Amino acid sequence: MIERVRGFRDIFGEELEKFNKIREVSREVLKAFNYKEVILPVVEYEELYKRSIGDFTDVVEKEMFSFTDKGGRRLALRPEGTAGVVRFFIENKLYYKRPYSKLFYEGPMFRYERPQKGRYRQFYQVGAEFFGVLEPISDLEIILISEEILKRLKVSYKLHINSIGCRVCRPKYLEELKKFLREREGFCKDCQRRREKNPLRVLDCKEKSCQVLVEDAPKIDDYLCKECKEHYQKLKELLGEFKVEFYENPKLVRGLDYYTKTVFEFEVEGLTVLAGGRYDYLVEELGGIPTPAVGFALGIDRLVPLIEPPKREEEAYLLVFFGNGNYRYLQRILNSLKPKKFEIYPKANLKKALSFANKEGFKFVVIIGEDEVKGNYITIKDMQRGEQKKVYML
RNA sequence: GAGGGUGUAGCUCAGCGGUAGAGCGGGGGACUGUGGAUCCCCAGGUCGCGGGUUCGAAUCCCGUCGCCCUCCCCA
């Protein structure tokens, strides 16, 4: 038997209903904030991701679905959405067309990593990007949208925010932090590796011993430049104004290199379900004219287990026909039922039909037997009440 | 990439060296046009896959693959 490929999955039934509910709610909210949808390719040049996400991030280094096509091009399945949107933004020179642009997308992303809870090799995201505005009001909008989506889905989350600085202050901080880490001994195996490559990660290592070592490490707050500090301060004020509850988390780090200043995560039961931040240099770095931006992405797959399935839609009718071959009569019934949701039971067996209707949750069973045909009526049985009545045809 | 768990009927699982089991579901019937209750009957699964040990393996050993969980990292 040929089975599913590792890390890939089929989505069906109630799971799919929840999946679609998340998509619908997300686009409802995004459209309300006047974001325009864009559908982008799943494949891009590998280079796009290397340059945006960062050559030495885990996502690029070991999780990319990259390959060479028959024309010798180095391509990759998109591991995330922002890079593609930015490529689109630049390729279409949207920065010349309007003062700012608000875009959203949804679809599958691919990462070659070990499958785990809430983690698949093909997973689905909805994301939004707000280009062209440097002011914290844009961060606020992105966070408000995120919050609105999660609220409508009725999940209870915790919002963590942080500022990781800009091209001016971040490098300075990282240097200091690395210096600090180099001078200590006794880190765990992971942290010894992280020290140089990903020093911020050392700060939230789970090992007790590392936590102790890191207690008086330099804090990003003390290194933020004036502009970053003001931006962060202003954002927090705005969040306060808008009654957005948040937790400042100086250890919050993102794994993608393009982030600057604000980063945030909505966390539910220990899993991040939605995350994002600013990326003020990415457009420029990928060849566009300098354009600040901020965005988020939510993981549909991670939200699915956390929400209630949508309520059953309209009531469905199950038709049972044993009218002695008088299909003309059946057809008349069908015409009058057209706007309703119905299904014809494929056997002329009332008992089985009722049992089936019961199991499948049909609200009504329409009985069309010989008596009905003869008397020019149909019998409609209400499966919940157990009552039935005759309805005469005109 | 590392560690742990697991893989037996559609589903949930029991069996743990001697001829494959239960519950649920599914199909049929008791009840020829009335369900959700009850009772009866049936289904027939390469025991993940490949090797090995053994007179004999679902049961032991090795390998392999999938799934789940943790770490790494991330939505």
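Lettering of chains follows the sequences in order, A, B, ..., and the numbering in each one begins at 1. All values reported here derive from a predicted model rather than from experimental measurement.
The stretch residues 259-283 of chain A comes close to RNA chain B through A:Thr272, A:Val273, A:Leu274, A:Ala275, each having a heavy atom under 4.0 Å from the strand.
Taking A:Asp222 as the reference, nothing meets the salt bridge (Lys or Arg N to Asp or Glu O under 4.0 Å) condition, with sequence neighbours excluded.
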Quick test: give all pairs of protein nitrogen or oxygen and nucleotides 28-34 of chain B nitrogen or oxygen below 3.5 Å, distance rounded to 0.1 Å.
| from | atom 1 | to | atom 2 | distance (Å) |
| --- | --- | --- | --- | --- |
| B:G28 | OP1 | A:Lys352 | NZ | 3.2 |
| B:G29 | OP2 | A:Lys352 | NZ | 3.4 |
| B:C31 | O2 | A:Lys351 | NZ | 3.1 |
| B:G33 | O6 | A:Glu370 | N | 3.1 |
| B:G33 | O6 | A:Asp371 | N | 2.6 |
| B:G33 | O6 | A:Asp371 | OD1 | 3.3 |
| B:G33 | O6 | A:Asp371 | OD2 | 3.1 |
| B:G33 | O6 | A:Glu372 | OE1 | 3.3 |
| B:G33 | N1 | A:Glu372 | OE1 | 2.8 |
| B:G33 | N1 | A:Glu372 | OE2 | 3.4 |
| B:G33 | N2 | A:Glu372 | OE2 | 2.9 |
| B:U34 | O2 | A:Lys381 | NZ | 2.9 |
| B:U34 | O2 | A:Gln388 | OE1 | 3.3 |
| B:U34 | N3 | A:Gln388 | OE1 | 2.8 |
| B:U34 | N3 | A:Gln388 | NE2 | 3.2 |
| B:U34 | O4 | A:Gln388 | NE2 | 2.6 |

Can you tabulate the close N/O pairs, meaning under 3.5 Å, that link protein atoms to atoms of nucleotides 10-12 of chain B?
none

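At least one test fails for A:Lys390 against the ring of A:Tyr392: distance under 6.0 Å to the centre or angle within 45° of the axis. No cation-pi contact links A:Lys352 to A:Tyr345, judged by a cut-off of 6.0 Å to the six-membered ring centre and 45° from its axis. Stacking of A:Arg184 on the aromatic ring of A:Phe180 is recorded, both the 6.0 Å distance cut-off and the 45° axial limit being met.
Of all nucleotides present, none satisfies the Watson-Crick or G-U wobble test against B:U19 with each distance under 3.5 Å. Both distances falling under 3.5 Å, in either a Watson-Crick or a G-U wobble arrangement, place B:G63 opposite B:C49. Both distances falling under 3.5 Å, in either a Watson-Crick or a G-U wobble arrangement, place B:C71 opposite B:G1. Nucleotide B:U32: unpaired (no Watson-Crick or G-U wobble partner with both distances less than 3.5 Å).
Rounded to a whole angstrom, the distance from the C1' atom of B:G45 to that of B:C11 is 14 Å. With C1' as the reference atom, B:G29 and B:A43 are 15 Å apart, rounded to whole Å. With both ends at atom P, the span from B:U32 to B:C16 equals 46 Å, rounded to whole Å. Going from the P atom of B:G36 to that of B:G27 covers 13 Å, rounded to whole Å. Rounded to the nearest Å, the gap between the P atom of B:C62 and that of B:G25 is 40 Å. Nucleotides B:C42 and B:A9 are separated by 14 Å at their C1' atoms, to the nearest Å. Going from the P atom of B:U54 to that of B:U59 covers 16 Å, rounded to whole Å. B:A58 sits 15 Å from B:U6 when the C1' atoms are compared, rounded to a whole Å.
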Scan the side chains in residues 121-136 of chain A for donor-acceptor partners under 3.5 Å anywhere in the protein, sequence neighbours excluded, and list what turns up.
| from | atom 1 | to | atom 2 | distance (Å) |
| --- | --- | --- | --- | --- |
| A:Arg121 | NH1 | A:Glu113 | O | 2.9 |
| A:Arg121 | NH2 | A:Tyr112 | OH | 3.4 |
| A:Gln122 | NE2 | A:Tyr124 | OH | 2.7 |
| A:Glu129 | OE1 | A:Tyr279 | OH | 2.4 |
| A:Glu129 | OE2 | A:Thr82 | OG1 | 2.8 |

Donor-acceptor pairs under 3.5 angstrom involving side-chain atoms of residues 57-64 of chain A: please list them, not counting sequence neighbours.
| from | atom 1 | to | atom 2 | distance (Å) |
| --- | --- | --- | --- | --- |
| A:Thr57 | OG1 | A:Gly54 | O | 2.8 |
| A:Thr57 | OG1 | A:Val60 | N | 3.4 |
| A:Asp58 | OD1 | A:Lys197 | NZ | 3.1 |
| A:Asp58 | OD2 | A:Lys62 | NZ | 3.4 |

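Whole-Å rounding puts the A:Tyr49 OH to B:C73 P distance at 23 Å. Between A:Leu256 atom CG and B:C73 atom P there is a gap of 13 Å when expressed in whole angstrom units. Between the C1' atom of B:A75 and the OH atom of A:Tyr258 lies a distance of 11 Å, rounded to the nearest Å. One can place CD of A:Glu113 at 13 Å from P of B:U70, the figure rounded to the nearest angstrom. For the pair A:Lys117 NZ and B:C73 C1', the interatomic distance rounds to 17 Å; values are reported in whole Å. Between the CZ atom of A:Phe187 and the P atom of B:C72 there is a distance of 15 Å, rounded to whole Å. When rounded to the nearest whole Å, the span between CE of A:Met64 and P of B:C73 equals 19 Å. B:C68 atom C1' lies 14 Å from atom CZ of A:Arg9, rounded to whole Å.
Electrostatic pairing of A:Arg278 and A:Asp280 counts as a salt bridge here, judged by a charged N lying under 4.0 Å from a carboxylate O.
Listed candidates were B:C67, B:U70, B:A75. Nearest to the side chain of A:Gln125 is B:A75.
By the 5.5 Å and 30° criteria, A:Phe123 is stacked with the base of B:A75.
Taking the six-membered ring for Trp, A:Tyr35 and A:Phe104 have ring centres at least 6.0 Å apart. Between A:Phe321 and A:Tyr327, the ring center distance clears the sub-6.0 Å criterion.
A donor N or O paired with an acceptor N or O is found under 3.5 Å between the base of B:C73 and the side-chain atoms of A:Arg119.
At B:C68, none of the side-chain N or O atoms of A:Gln116 fall inside 4.0 Å of OP1 or OP2 (strictly under the cut-off).
Across all strands, A:Asp58 comes closer than 4.0 Å only to sugar-phosphate atoms, never to a base (heavy-atom distances). Using a 4.0 Å heavy-atom cutoff across all strands shown, A:Gly127 reaches no nucleic acid atom at all. Residue A:Arg302 is classed as a base contact, given a heavy-atom separation below 4.0 Å to a base.
The aromatic rings of A:Phe110 and A:Phe65 lie perpendicular to each other, with more than 60° between the two planes, well past the 30° mark.
Interatomic distance, CG of A:Leu274 versus OG of A:Ser26, reported as 8.5 Å (0.5 Å rounding).
Annotation: of the two residues near RNA chain B, A:Lys62 and A:Met383, the 5′-most nearest-nucleotide partner is A:Met383.
Under the 3.5 Å distance criterion, with hydrogens and angles disregarded, no donor-acceptor pair is assigned to the side chains of A:Tyr49 and A:Glu80. Inspection of the A:Arg23 and A:Asn20 side chains reveals an N or O donor paired with an N or O acceptor under 3.5 Å.
Formation of a donor-acceptor pair under 3.5 Å by the A:Lys21 side chain with backbone atoms of A:Glu308 is found in this model.
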